[in-house]
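Here is the structure we will look at.
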Amino acid sequence: AALCTEMERLLEIDGESTFPRIAELSSEFHTALYVASANRQLLAVMPALIEIPLAREGYHQRTREMIERGMTQHREILDAIAARDGDWAE
């Protein structure tokens with residue numbers, strides 16, 4: 001939850017200038033999910049699926065609305081995990 005809170009705080013501070021840091025925190029969020037899953041196959045493939053597109057496209061090409069939608073999805077994932085609802089988390 002702390003990563004989500006920090007991403008939201010950064011977006012409110014200065015919008016686009018904080019996108020690179022938000023991208024780093026988003027990456028940390030996804031990494032934390034992989035590690036928590038304890039799924040070795042997921043741990044092996046997911047970093048490439050996230051890091052390569054972020055490096056290629058960069059958050060600078062994303063709109064504020066896209067980033068806000070991603071943050072909403074992060075919160076929903078955390079809510080689903082807290083509710084122990086695997087279907088919702090997917």
Side-chain angles (χ1 to χ4, degrees):
L3 290 171
C4 290
T5 300
E6 181 63 8
M7 285 185 274
E8 292 160 353
R9 185 188 73 78
L10 287 171
L11 188 61
E12 291 305 314
I13 289 175
D14 195 23
E16 290 184 22
S17 70
T18 62
F19 285 7
R21 180 63 182 139
I22 291 170
E24 291 172 9
L25 293 170
S26 181
S27 213
E28 288 178 32
F29 175 85
H30 288 276
T31 299
L33 290 178
Y34 312 149
V35 170
S37 77
N39 181 318
R40 290 188 322 209
Q41 291 175 332
L42 183 63
L43 287 167
V45 299
M46 290 306 291
L49 296 175
I50 297 297
E51 297 298 331
I52 291 171
L54 282 178
R56 187 180 67 238
E57 296 171 17
Y59 260 55
H60 64 277
Q61 294 180 354
R62 295 173 188 248
T63 65
R64 181 183 180 97
E65 291 78 22
M66 292 168 74
I67 291 175
E68 287 174 344
R69 186 171 46 248
M71 289 181 190
T72 297
Q73 291 168 344
H74 288 165
R75 286 287 183 188
E76 287 180 3
I77 290 167
L78 291 178
D79 290 344
I81 291 168
R84 297 185 180 273
D85 188 331
D87 291 334
W88 181 19
E90 285 183 20

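Numbering of residues begins at 1 and proceeds along the displayed sequence. Just so you know, these numbers use all the heavy atoms, side chains as well, and skip hydrogens, waters and symmetry mates.
- Between the CG atom of Leu3 and the OG1 atom of Thr31 there is a distance of 9.5 Å, given to the nearest 0.5 Å.
- For Leu78 against Cys4, the heavy-atom pair with the smallest separation is CD1-SG, 3.6 Å.
- Rounding to the nearest 0.5 Å gives a distance of 7.0 Å between CZ of Arg69 and CD of Gln73.
- Once rounded to the nearest 0.5 Å, the distance linking NE2 of His30 with CG of Leu25 reads 11.5 Å.
- In this structure, Ser27 contributes its side chain and Ala23 its backbone to no donor-acceptor pair below 3.5 Å.
- By the side-chain hydrogen bond (donor to acceptor under 3.5 Å, both in side chains) test, Ser37 is found to be paired with no residue, residues two or more places apart in sequence or in another chain being considered.
- Atoms CD and CD, from Glu68 and Glu12 in turn, are 7.0 Å apart once rounded to the nearest 0.5 Å.
- Here the closest non-hydrogen pair linking Phe29 and His74 is CE2-CD2, 3.3 Å.
- With sequence neighbours excluded, the residues forming a side chain to side chain contact (heavy atoms under 4.5 Å, CB included) with Thr72 are Glu76, listed by chain and number.
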(request) For side-chain contact (heavy atoms from CB on, under 4.5 Å), just list the numbers for Arg75 and Thr5, CA-CA rounded to whole Å, side-chain angles, deciding distance to a tenth of an Å, and then say yes or no. (result) CA-CA 9 Å; Arg75 286 287 183 188; Thr5 300; 2.9 Å; yes
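- Partners of Arg21 under the salt bridge (charged side-chain N to carboxylate O under 4.0 Å, His left out) rule, at least two apart in sequence or in another chain, are Glu24, Glu28.
- Looking at residues two or more places apart in sequence or on another chain, you find no side chain to side chain contact (heavy atoms under 4.5 Å, CB included) involving Ala32.
- Residues passing the side chain to side chain contact (heavy atoms under 4.5 Å, CB included) test with Arg9, sequence neighbours excluded: Glu6, Ile13.
- The shortest distance between side-chain heavy atoms of Ile22 and Met71 falls below 4.5 Å.
- In this structure Ala83 satisfies the side chain to side chain contact (heavy atoms under 4.5 Å, CB included) test together with Asp85, Trp88, sequence neighbours excluded.
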